[in-house]
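A short worksheet on the structure shown next.
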2 protein chains.
Amino acid sequence: MTTETKILLPDAEMPDAWLNVASLVRDEFPLPRDGKTKQTLTVQALASRYSEECARIEMLDGRYGTDLYIPIPGEVMDEYRKYRATPLFRAKGLEKHLGYGGRIWYKREDFNPTGSHKPNTALPQAWYGKMQGLRGLVTDTGAGQWGAAMAWACRNVGLECTVFMTRNSYQSKPYRRYLMELANGVVFSSPSEMTEQGRALLAEDPDHQGSLGIGMGEALEMVMKQKGLRLALGCMSYYAALHQTVVGLELRKQMDVLGIRPDVLVACVGGGTNLFGFMAAYLQEKLLDPGAVGPEMVAAESANVPSLTQGEYRYDYADAFGLTPQVMMYTLGHQFLPPKIHSGGLRYHGKSPILSLMVKKGLVRGVAVEQERAFEVGGLFYECEGVLPAPESAHAIAATIDMAKQAKEEGKNKDIVFCLSGTGYLDLKGYADMYGLKP
Amino acid sequence: MTTETKILLPDAEMPDAWLNVASLVRDEFPLPRDGKTKQTLTVQALASRYSEECARIEMLDGRYGTDLYIPIPGEVMDEYRKYRATPLFRAKGLEKHLGYGGRIWYKREDFNPTGSHKPNTALPQAWYGKMQGLRGLVTDTGAGQWGAAMAWACRNVGLECTVFMTRNSYQSKPYRRYLMELANGVVFSSPSEMTEQGRALLAEDPDHQGSLGIGMGEALEMVMKQKGLRLALGCMSYYAALHQTVVGLELRKQMDVLGIRPDVLVACVGGGTNLFGFMAAYLQEKLLDPGAVGPEMVAAESANVPSLTQGEYRYDYADAFGLTPQVMMYTLGHQFLPPKIHSGGLRYHGKSPILSLMVKKGLVRGVAVEQERAFEVGGLFYECEGVLPAPESAHAIAATIDMAKQAKEEGKNKDIVFCLSGTGYLDLKGYADMYGLKP
């Protein structure tokens with residue numbers, strides 16, 4: 001049995017293609033449709049909102065409908081190589097604290113540029129935009145992980161980047177905004193005075209806290225009114241999910257190096273792309289051989305925004321205003337206004353369509369985690385491992401602990417792997433608030 | 001020529017001993033002395049201030065005076081294994097930006113628990129304290145890197161931790177204080193009302209900004225007045241420098257894996273232990289064979305606190321009040337009050353005695369970096385690599401860039417390696433101030 005506590009991969013072992021899981025479920029995977037006509041969209045129609053390549057991915061156009069592996073462009077690989085593969089760590093401190101006889105592992109996506117898994121899709125999105133000759137990209141962000149990654153990726157290729165940051169996070173997470181602005185990102189508190197939709201909401205309630213859906217709607221309004229801009233999404237889209245599969249492909253290689261078949265995979269879920277990417281290689285195995293014994297897959301969502309555990313699987317708008325296409329997903333309704341919580345990345349009414357399908361098919365199971373428990377567990381993990389997780393990621397750790405306790409009760413020593421999707425250093429104000437520290 | 005961009009080490013290759021460089025220069029290395037009597041101290045006298053084991057190391061007692069390798073206690077190795085070895089990264093983005101044909105590498109001490117190199121010595125210090133049956137440790141901190149690491153390490157073994165944080169940093173770096181408090185550290189803004197010395201300074205100037213020397217003096221006053229407490233130092237002491245040698249031992253192994261002899265080593269220098277530890281393995285080579293061609297070693301200090309480039313090599317107090325023993329070092333005088341700068345970790349009047357000796361012997365060369373340049377370079381590095389350095393570490397990057405430009409002018413493709421001693425995520429307020437971002 002391996003005693004190794006950290007696994008990297010040599011550059012030569014890095015995945016050089018994304019894993020196009022949708023090609024395996026093409027017939028079952030409902031495509032985006034127009035909300036009014038209910039007609040499936042065309043690539044052309046979507047390309048007025050997204051970059052062309054993203055629109056093609058989203059509609060499973062051409063090779064995206066057929067090929068299981070999509071080669072990663074050389075320029076994107078060069079950027080990935082700056083920080084990938086990310087190491088896989090063993091959480092021996094947490095194991096000891098729990099008195100757990102099995103092993104707990106975690107994938108260090110917090111080590112990435114800007115401190116989260118988000119650059120994995122921000123980099124190719126920025127590159128597509130540049131190839132297409134766009135002026136810039138516009139996006140929304142909750143906790144700020146996505147905005148920071150997108151601003152950095154745009155700066156990298158010389159595109160403008162505008163970010164609508166939900167007011168809730170704009171106020172509570174200034175450090176993430178600084179990160180965006182250091183990369184020349186232009187950041188607005190959302191709802192903002194920059195759009196009609198934003199002004200309307202502020203007129204109703206000047207202290208409106210915003211939501212990811214509202215930010216997305218504002219971003220889309222700007223894209224539709226100005227030339228040379230397109231929307232960039234860090235979650236919800238299939239393209240973002242596809243790009244994140246580098247995480248899962250690395251993970252499988254790392255587990256293979258260790259000679260381990262994981263028993264349980266856990267990730268937090270806001271939009272769902274971090275989880276989908278992290279689990280993609282094992283989802284592939286289950287889809288190719290439904291009878292095979294694969295790892296149990298757990299999606300930890302916020303109990304305040306329980307779209308997987310309490311939502312419906314149906315077509316709904318991705319934004320709050322009904323400006324985006326409708327996508328098939330687990331949703332609480334696009335006008336659901338999530339409560340003001342610190343895990344801004346989890347404040348979203350729906351879950352990524354590809355993840356939703358995996359849940360619908362019974363491959364992934366949702367569990368809900370209370371915010372207070374997440375912060376408590378985040379602090380515990382910091383004590384045990386010296387690693388402060390983003391509050392979002394702390395939801396995954398809470399579910400991991402539950403799975404370890406359950407395995408212990410059953411007398412089983414399982415290998416449990418979770419995705420540490422982001423650092424908590426940029427969320428210390430949230431921790432300070434929750435722990436009652438003096439400002 | 002290797003194209004690998006990231007190097008880890010298997011657990012089995014981790015150094016299991018510290019490199020006791022002082023044993024190689026025992027006759028030349030002046031020991032701490034009493035400031036009044038000018039007599040070399042005894043272990044017993046020092047042990048009233050430091051933990052016993054730290055006092056022994058400081059006085060080169062027993063094996064510390066003779067043995068080149070000091071085995072790392074098993075319990076400390078277990079903690080090191082949670083995060084070490086740290087990876088060595090190639091900075092291809094920076095190379096490209098500079099049009100540099102050689103290679104630039106950096107050691108990721110920012111990946112450590114609490115985000116800096118400091119746990120490398122905080123962990124053994126906490127463990128010594130626990131073995132001795134102490135109640136707690138008291139310390140000072142500038143930027144907060146040391147305080148965060150010490151609080152976390154104390155929590156780890158169940159010791160109390162009190163931190164005097166210089167007011168300058170207490171106000172500008174709340175996130176680092178939160179990190180300390182999350183680990184149950186008790187943090188005072190220094191100068192504080194908790195000590196006689198602190199009260200005297202506040203009486204003179206209620207807005208006194210403090211300094212590392214003042215914080216150290218306050219910590220020592222508390223240790224001398226209460227039972228079961230000892231002083232823990234993150235820099236200046238030889239024990240802290242000794243513990244940091246794990247960094248350099250790993251570095252040499254990683255360079256050996258790559259088949260590279262580094263041409264230039266660069267680190268920032270506040271107290272000097274980060275630099276000393278990072279360069280230790282190559283210092284050893286130079287001391288053992290003075291004629292050998294070894295890497296050029298550059299110490300990047302703050303131009304506002306230029307103890308290496310403008311200070312004197314003489315005995316001086318480590319703290320501002322003359323409560324500590326005197327040590328032989330490059331110093332600006334223990335009453336030097338550094339200007340209010342953002343790189344709190346560099347605001348110290350002297351440099352670690354062992355590093356000072358290496359500078360005196362001509363093995364390490366000091367260069368001064370202006371604060372504005374450091375922040376500018378920090379932002380550049382963030383753009384190029386997606387990694388935001390602590391302002392302290394940004395001084396090392398500035399010196400690295402100078403060395404690369406010089407090599408380029410000379411038509412040489414040198415391998416330059418610097419130590420990324422800490423993350424800048426906890427310093428975003430400093431970056432925001434320097435870049436004029438809206439609070």
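Bear in mind the structure is a predicted one, so any value in this text is a computation, not a measurement. Below, read A as the first sequence line, B as the second, and so on, with proteins coming before strands; counting in each chain starts at 1.
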key: chain A interface, residue from B:Glu79, B:Arg108, B:Arg155 that has the most non-hydrogen pairs under 4.5 Å   = B:Arg155

query = Between A:Tyr435 and B:Glu181, is there a donor-acceptor pair closer than 3.5 Å when you use the side chain of the first and the backbone of the second?
reply = no

task = Name the region of B:Ala153, side chain, backbone, both or neither, that has any atom closer than 4.5 Å to a heavy atom of chain A.
result = neither

task = Just give me the residue among A:Thr114, A:Leu9, A:Leu182 that pairs up with chain B most often, heavy atom to heavy atom, under 4.5 Å.
result = A:Leu182

request  = Quick one: closest heavy-atom pair of B:Lys82 and A:Cys384, and the distance?
outcome  = NZ-O, 2.6 Å

remark   = Pair count under 4.5 Å, heavy atoms only, with chain B: among A:Gly424, A:Ala148, A:Pro439, highest is A:Pro439

message = Please check: side-chain N/O of B:Tyr83 versus main-chain N/O of A:Gly386, any donor-acceptor pairing under 3.5 Å?
response = no

Short side-chain to backbone donor-acceptor contact, A:Lys6 and B:Arg84, under 3.5 Å = yes

task = Can you see which heavy atom on B:Pro113 is nearest to which on A:Glu385, and at what distance?
result = CG-O, 3.9 Å

query = Roughly how far, to the nearest 0.5 Å, is OG1 of A:Thr5 from CE of B:Met14?
reply = 7.0 Å

Minimum side-chain heavy-atom gap A:Tyr382-B:Leu179 below 4.5 Å = yes

query = Does a side-chain heavy-atom distance below 4.5 Å link B:Tyr175 with A:Tyr175?
reply = yes

key: chain B contact via A:Ala149 - side chain, backbone, both or neither, heavy atoms under 4.5 Å   = neither

note = Taking every heavy atom of A:Tyr178 against every heavy atom of B:Leu428, the minimum-distance pair comes out as CD1-O, 3.6 Å

message = Please determine whether the number of non-hydrogen atoms from other residues, nucleotides or ligands lying under 6.0 Å from atom NZ of B:Lys253 exceeds 12.
response = yes

key: Heavy-atom pairs under 4.5 Å with chain A, option from B:Glu383, B:Arg176, B:Lys92, B:Arg81 with the top count   = B:Glu383

task = Measure distances from B:Leu388 to the heavy atoms of chain A and classify the residue's part below 4.5 Å as side chain, backbone, both or neither.
result = side chain

note = Among B:Pro87, B:Gly379, B:Ala91, B:Ala432, the residue with the most heavy-atom pairs under 4.5 Å to chain A is B:Ala432

ask   = What heavy-atom pair brings A:Asp11 and B:Thr3 nearest, and what distance separates the two atoms?
value = OD2-O, 3.5 Å

key: chain A contact via B:Arg177 - which portion, at a heavy-atom distance below 4.5 Å   = side chain

ask   = Which atoms of B:Asp78 come close to chain A, meaning under 4.5 Å heavy atom to heavy atom: side chain ones, backbone ones, both, or neither?
value = neither

Structural part of B:Phe111 lying under 4.5 Å from a heavy atom of chain A = both

